[in-house]
Every structure is written in C-alpha cells, then in structure tokens.
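The chains referred to below are lettered A, B, ... by the order of the sequence lines, with proteins before strands, and numbering in each begins at 1.
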Amino acid sequence: MDNKTNKLLERNVEQVLPSKEELAELMEKRKIKLYYGIDPTSPNLHLGHAVQLRKLAKFQELGHEVILLFGTFTAQIGDPSGHNSKRETLSKKEVDENLKTYKKQASKILDVSKATIKRNEEWLAEMDLEKMLKLASHFTTSQLLKRDLFQRRLKNNKEIWLHELFYPIMQGYDSVAMDIDLELGATDQTFNMLIGRDLQKEYNNKEKFVLTTPMLTGLDGRGMSKSRGNTVNLTDSPQDMFGKLMSLNDKLIPEYFKLCTNESLEKIEEVKNKLEQGNINPKSLKVELAKKIVTLYHSKEEAEEAEEEFNKVFKEKKYPSDMPEFSIDSFQKDTMEIDELLVKLELASSKTEAKNLIDQGGIKIDGEEQNNWNKEIKIEKGKVIQRGKKTFVKLV
RNA sequence: GGGUAGGUAGCAAAGUCUGGCCAAAUGCGACAGACUGUAAAUCUGUCGGCUUAAUGCCUUCGGGGGUUCAAAUCCCUCCCUGCCCA
C-alpha cells in the first residue's frame with residue numbers, strides 16, 4: 001500500500017467500512033470522489049468539524065476530488081441527535097444566515113478554490129412525493145429504528161417523530177445525487193453514512209465507502225455542543241482560542257494533541273507518558289497545545305501574543321488589552337445605580353440577578369469590589385466594569 | 001377506534017389522593033465566591049420579576065373556563081405525548 005494513502009487512512013481514523021484495504025486499493029487505482037457534509041445549524045464551525053475538514057484536506061493533497069457539502073436542506077429538519085425529543089426546526093432564512101461565512105471558515109483548512117462546494121437543497125428541495133416514497137421504500141422501519149439514539153428513546157418511552165426517521169434517508173440520498181465513492185464523518189454519523197452506502201449500491205450500483213473519525217470531546221469533558229459552550233470555534237479570536245484551550249480538562253490533553261494538531265504520534269505518546277508520570281505541570285502542556293492550535297488558525301505571532309495576554313490577565317490580574325466596549329452616548333444621565341448599570345451593560349439579565357452578583361462579591365468597578373447595589377456610579381469614559389473573573393466591559 | 005399513564009422552572013423529577021406552611025423538595029446544570037493552574041475535586045451562596053429590601057407586591061406548574069376567602073392541587077373543556085389492545 002502506498003505510504004501516503006496508508007497514513008491518511010490511519011491517523012485520526014476510527015473505522016473504514018467495509019474495509020480499509022479495499023478503499024486503499026481503489027485509491028491507488030484511480031482518483032476517488034469523496035465528500036464531507038456539514039449542516040449549518042449554527043453560524044460557527046469548531047474544532048470538531050476541523051477533524052474531518054483536516055482529513056478532507058489531506059485527500060485533496062493527494063489529488064482526490066473533494067466535495068464540501070452544506071446540508072442546507074437537512075439542516076432545516078435537523079439530525080435528531082438530541083437525547084430525547086425533537087429539535088426545533090430551522091427556517092430557510094436561519095440556515096442561510098448560519099451558512100454565510102461557512103466557506104470562509106472552511107478555507108482556513110481546506111483549499112476551497114479546488115474543492116467543489118454544494119448544497120443539498122439542490123436535489124432535496126426538489127424531490128416530489130413520488131420520488132420520496134420510492135426512496136423510502138428501500139428501508140423498513142425496523143432498519144431505521146436500529147439507530148442507537150432511537151433505541152435509547154424507545155427504551156425511555158420518548159417519542160420518535162416520523163420526519164426524524166427520514167433524516168438518514170435524506171442524507172443517504174446525498175451520496176446518490178453526487179455519485180460518491182467515499183463519505184467522511186464523525187462516528188456519530190456512521191448510521192446515516194451507511195444508509196447512503198445502501199442507496200448508492202441500489203441506485204448507482206456502486207460501492208460507497210465510509211470513513212469515520214473520532215468524536216472530539218468538548219472542553220469540559222462532556223459531549224461537544226454549542227449550547228454547553230464547550231467548543232472552540234474556528235473564528236474565535238486568538239485570545240479566546242487560547243483562553244478556552246487553557247480551560248481544557250486535563251484528561252483531554254492527549255486527545256486534543258492527537259485530533260487537533262499535526263504533532264507526530266511519538267510526540268503524543270511522550271505527552272501521555274509525562275502526564276501519567278505526573279512529573280510535569282499539565283498547565284505547561286496546555287500552553288503548548290493552545291499555542292499550536294492558535295498558530296494553525298491564526299499565526300505564530302498571534303499565538304505568542306495570546307499567551308502574553310493570558311498571563312497578563314490571569315497571572316498579573318491586569319485588564320485585557322482588548323475588552324468589549326460600551327458607548328456612554330446612549331446613557332440619559334451621568335450617574336446610575338450599580339444594579340441598573342449592570343443590566344444596561346448586559347452583565348446581568350435583571351436587577352435581581354445584578355443584586356445577587358453584587359451580594360456575592362462578583363462585581364468590580366475599576367478593580368474595586370462592590371457590595372452596595374444602590375451606590376450611584378459616575379458614568380464616565382474609561383471606567384471598567386468586571387463581572388466574575390473573565391467578563392469585562394469598558395465604557396467609552 | 002378502545003383502554004391506560006402522563007404534560008411542573010434550562011433538563012430530569014417530587015408535590016396532586018388529604019386545597020393554605022408552594023416562587024414550588026431533590027438531582028444535574030448555569031452563575032458568583034473560597035482554594036487553584038480560567039484543570040479536576042471540594043466547600044459556600046444564588047438561580048421568575050419588581051421595589052418601599054419586607055418574613056412586601058406582581059406573574060408562573062400544557063391552553064381556556066369554573067368552584068373557593070384561598071388552586072400545581074378540586075370540577076368542566078380543549079390541545080399534546082408514552083404504553084397496551086384493535
């Protein structure tokens with residue numbers, strides 16, 4: 001087997017179906033057509049997507065035909081990945097809004113000028129009922145219900161909606177519409193990707209391969225999801241990226257090195273050993289990790305700066321050099337009670353919350369802890385209001 | 001179509017029989033504080049809103065209506081979900 005192909009199918013690959021060898025064989029015989037699909041259910045791509053995108057880029061380097069598919073139609077239905085009940089469906093408008101900068105975000109990793117970009121609304125939005133039914137007739141309900149998350153719901157007596165059952169079929173049809181040799185995806189997509197394999201066989205009489213990459217765990221050790229806020233977005237500023245990675249759960253350091261950087265496997269082994277032996281402060285490994293990742297998506301210089309900035313704010317307890325600013329032009333008066341001010345600055349959602357924060361010593365103004373909610377604060381430029389350790393707002 | 005169990009705060013779940021002590025136990029989670037390395041673990045506090053800051057007021061237990069001095073709790077009605085039977 002070609003060494004490059006071999007490497008490509010080894011690193012950060014969980015599984016190749018039906019088999020790695022057969023895929024490698026095909027890839028040596030001819031260039032293959034492969035795709036990775038993302039549903040624009042939120043405006044940001046994160047490090048989880050990057051695992052697949054980086055893999056996709058490697059295929060591109062070897063000259064294979066790469067398609068990046070935006071699931072503009074499927075995003076409206078929503079892959080039923082929620083643990084129990086159906087997800088809110090998105091409107092076309094919301095999807096388009098989310099999609100706006102996807103291409104640009106993906107271009108941080110992939111050469112988008114050489115890749116084909118498609119949207120699955122091209123074929124799914126036009127499908128009529130007759131075609132849909134024909135498509136659906138390739139599967140039995142029990143085949144579709146095999147999916148682990150449906151099984152879980154059945155076990156818990158939770159509802160499964162009919163349209164949720166259709167999701168894998170729609171995703172599966174993408175493979176047929178694009179006449180695909182291989183689909184990339186994280187392991188949670190295995191089921192959906194295999195449905196596409198069945199369909200590709202029946203419609204185009206073609207063997208479709210499925211390659212799964214490991215799921216990247218969220219920063220806090222739980223499943224990655226935007227609602228938990230445990231993601232690192234590709235568009236995050238160097239400072240944010242660095243900061244978020246510093247809050248990474250120690251246990252995940254090797255995983256992040258492996259899935260998010262280009263470090264050699266030997267190096268990663270070394271990191272693992274150091275952690276196990278406990279003769280290194282994990283924090284210093286995280287600094288290294290954070291710098292590597294920031295370099296990947298920004299630049300080496302910005303990574304250095306982000307580190308300095310981090311030390312400044314969290315070691316020396318100084319203000320960050322860049323903080324969210326709030327213009328005082330919209331204020332009607334020159335003084336304001338603290339609780340009211342906090343609501344105005346959106347540091348608290350209600351005065352009650354603001355008061356609780358103040359009571360607990362969580363609010364500082366110009367570095368001074370506040371403990372009296374009805375104290376009148378002068379509204380003047382340059383004043384810095386701090387909530388907790390990480391949130392600052394500067395009046396300008 | 002028939003039967004039956006349900007719908008409670010971000011989620012899970014108690015409370016309903018025996019109406020008031022229910023802004024609603026508990027767990028998870030979120031936020032703030034202590035300790036730290038913006039790690040983990042642990043400990044403390046808060047988690048509907050408003051103000052006169054009081055053992056005060058207003059809105060909330062699927063929707064609507066009713067009984068009552070008083071309703072998450074009782075009655076009527078509508079909507080939704082699970083399970084079983086057909």
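Residues forming a salt bridge (Lys or Arg N to Asp or Glu O under 4.0 Å) with A:Lys292 (at least two apart in sequence, or on another chain): A:Glu263, A:Glu288. Legend: residues meeting salt bridge (Lys or Arg N to Asp or Glu O under 4.0 Å) with A:Glu340, ordered by chain and number and at least two apart, are A:Lys333.
The CZ-C1' distance, from A:Phe242 to B:U38, rounds to 11 Å in whole Å. In this structure, CG of A:Asn281 is placed 8 Å from P of B:G37, rounded to the nearest angstrom. Residue A:Leu248 contributes atom CG, which lies 10 Å from atom P of B:A40 at whole-angstrom precision. In this structure, the CG atom of A:Asn230 is 15 Å from the P atom of B:A39, given to the nearest Å. Following rounding to the nearest Å, A:Lys315 (NZ) and B:G37 (C1') show an atom-to-atom distance of 9 Å. As rounded to whole Å, 19 Å separates atom P of B:U46 from atom CG of A:Asp339. With rounding to whole Å, A:Lys286 atom NZ is found 17 Å from B:U36 atom P. Computed from coordinates, the A:Ile358 CD1 to B:G33 C1' distance equals 14 Å when rounded to whole Å.
Two residues, A:Ser349 and A:Ser247, neighbour RNA chain B, and the one matched to the more 5' nucleotide by heavy-atom proximity is A:Ser247. Each of A:Asn374 and A:Lys251 lies near RNA chain B, and the nucleotide nearest A:Lys251 is the one positioned closer to the 5' end.
For the P atoms, the distance linking B:G6 with B:U73 amounts to 15 Å, nearest Å. Taking atom C1' on both nucleotides, B:G64 is separated from B:C69 by 24 Å, rounded to a whole Å. When the C1' atom is used for both B:G62 and B:G2, the distance is 24 Å, rounded to whole Å. Comparing the P positions of B:C21 and B:C78 gives an interatomic distance of 31 Å, to the nearest angstrom. Between the P atoms of B:A86 and B:A23, the separation comes to 48 Å (whole Å). One P atom belongs to B:C22, the other to B:C47, and the distance between them is 15 Å to the nearest Å. Nucleotides B:U60 and B:C50 place their C1' atoms 15 Å apart, quoted to the nearest Å. When the P atom is compared between B:G7 and B:A40, the two are found 36 Å apart, to the nearest whole Å.
Applying the side-chain hydrogen bond (donor to acceptor under 3.5 Å, both in side chains) test to every pair with at least one member in residues 342-353 of chain A, sequence neighbours left out, gives these pairs: A:Ser349-A:Glu353.
A donor-acceptor pair under 3.5 Å is absent between the side-chain atoms of A:Arg153 and the main chain of A:Lys158, judged by distance alone. Between the side chain of A:Asn12 and the backbone N or O of A:Lys258 there is at least one donor-acceptor pair closer than 3.5 Å.
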| When you check every protein heavy atom under 4.0 Å of nucleotides 23-32 of chain B, what one-letter string (B, S, -) results, 5' to 3'? | ------SSSB

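The partner of B:U38, taking Watson-Crick or G-U wobble pairs whose two distances both stay under 3.5 Å, does not exist in any strand shown. Base pairing of B:U59 is not made with any nucleotide, judged by Watson-Crick or G-U wobble geometry with both donor-acceptor distances under 3.5 Å. Figure legend. B:U18 is base-paired to no nucleotide; pairs are counted as Watson-Crick or G-U wobble with both atom distances under 3.5 Å. Base pairing annotation: B:U73 forms no Watson-Crick or G-U wobble pair, as no partner gives both donor-acceptor distances under 3.5 Å. Under the Watson-Crick and G-U wobble criteria, each requiring two contacts below 3.5 Å, nucleotide B:A5 is paired to B:U81. Across all strands shown, B:U67 remains unpaired; no Watson-Crick or G-U wobble contact has both distances below 3.5 Å. For B:A30, the paired base is B:U46 (Watson-Crick or G-U wobble, both distances below 3.5 Å).
Among the protein residues, A:Lys355 comes within range of the nucleic acid bases, having at least one heavy atom under 4.0 Å from a base atom.
A:Ser350 has a side-chain polar atom (N or O) that falls below the 4.0 Å cut-off from OP1 or OP2 of B:C50. The side chain of A:Thr352 places an N or O atom within less than 4.0 Å of a non-bridging phosphate oxygen (OP1 or OP2) of B:C50.
There is a side-chain donor-acceptor pair under 3.5 Å between A:Thr213 and A:Gln52.
The pair A:Glu10-A:Lys7 does not count as a salt bridge, with every side-chain nitrogen at least 4.0 angstrom from each carboxylate oxygen.
The distance between the ring centers of A:His49 and A:Tyr36 does not fall below 6.0 angstrom.
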For nucleotides 81-86 of chain B, which of its nitrogen or oxygen atoms have a protein nitrogen or oxygen under 3.5 Å away, and what is each distance?
unit_1: B:G82; atom_1: O2'; unit_2: A:Asn157; atom_2: O; d: 3.4

| salt bridge (charged side-chain N to carboxylate O under 4.0 Å, His left out) assessment of A:Asp96 paired with A:Lys100 | CA-CA 6 Å; A:Asp96 285 344; A:Lys100 262 187 178 161; over 6 Å; no

| task | Could you walk me through whether A:Lys33 and A:Asp179 pass salt bridge (charged side-chain N to carboxylate O under 4.0 Å, His left out), step by step? | result | CA-CA 8 Å; A:Lys33 193 199 238 186; A:Asp179 196 16; 5.4 Å; no

| field | side chain to side chain donor-acceptor pair (under 3.5 Å) between A:Tyr167 and A:Asp39, intermediate numbers included | value | CA-CA 12 Å; A:Tyr167 186 93; A:Asp39 278 2; 2.4 Å; yes

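Listed nucleotides B:U38, B:U51, B:A40 differ in distance to A:Lys351; the shortest reach to its side chain belongs to B:U51.
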Anything under 3.5 Å between a donor and an acceptor, one on a side chain of residues 53-64 of chain A, the other on a protein residue two or more places apart or in another chain? List them.
unit_1: A:Arg54; atom_1: NH1; unit_2: A:Asn262; atom_2: OD1; d: 3.3
unit_1: A:Arg54; atom_1: NH2; unit_2: A:Thr261; atom_2: O; d: 2.9
unit_1: A:Arg54; atom_1: NH2; unit_2: A:Asn262; atom_2: OD1; d: 3.3
unit_1: A:Lys55; atom_1: NZ; unit_2: A:Leu8; atom_2: O; d: 2.7
unit_1: A:Lys55; atom_1: NZ; unit_2: A:Arg11; atom_2: O; d: 2.7
unit_1: A:Gln60; atom_1: OE1; unit_2: A:Asp111; atom_2: N; d: 3.2
unit_1: A:Gln60; atom_1: NE2; unit_2: A:Asp111; atom_2: O; d: 2.8
unit_1: A:His64; atom_1: ND1; unit_2: A:Ile32; atom_2: N; d: 3.0

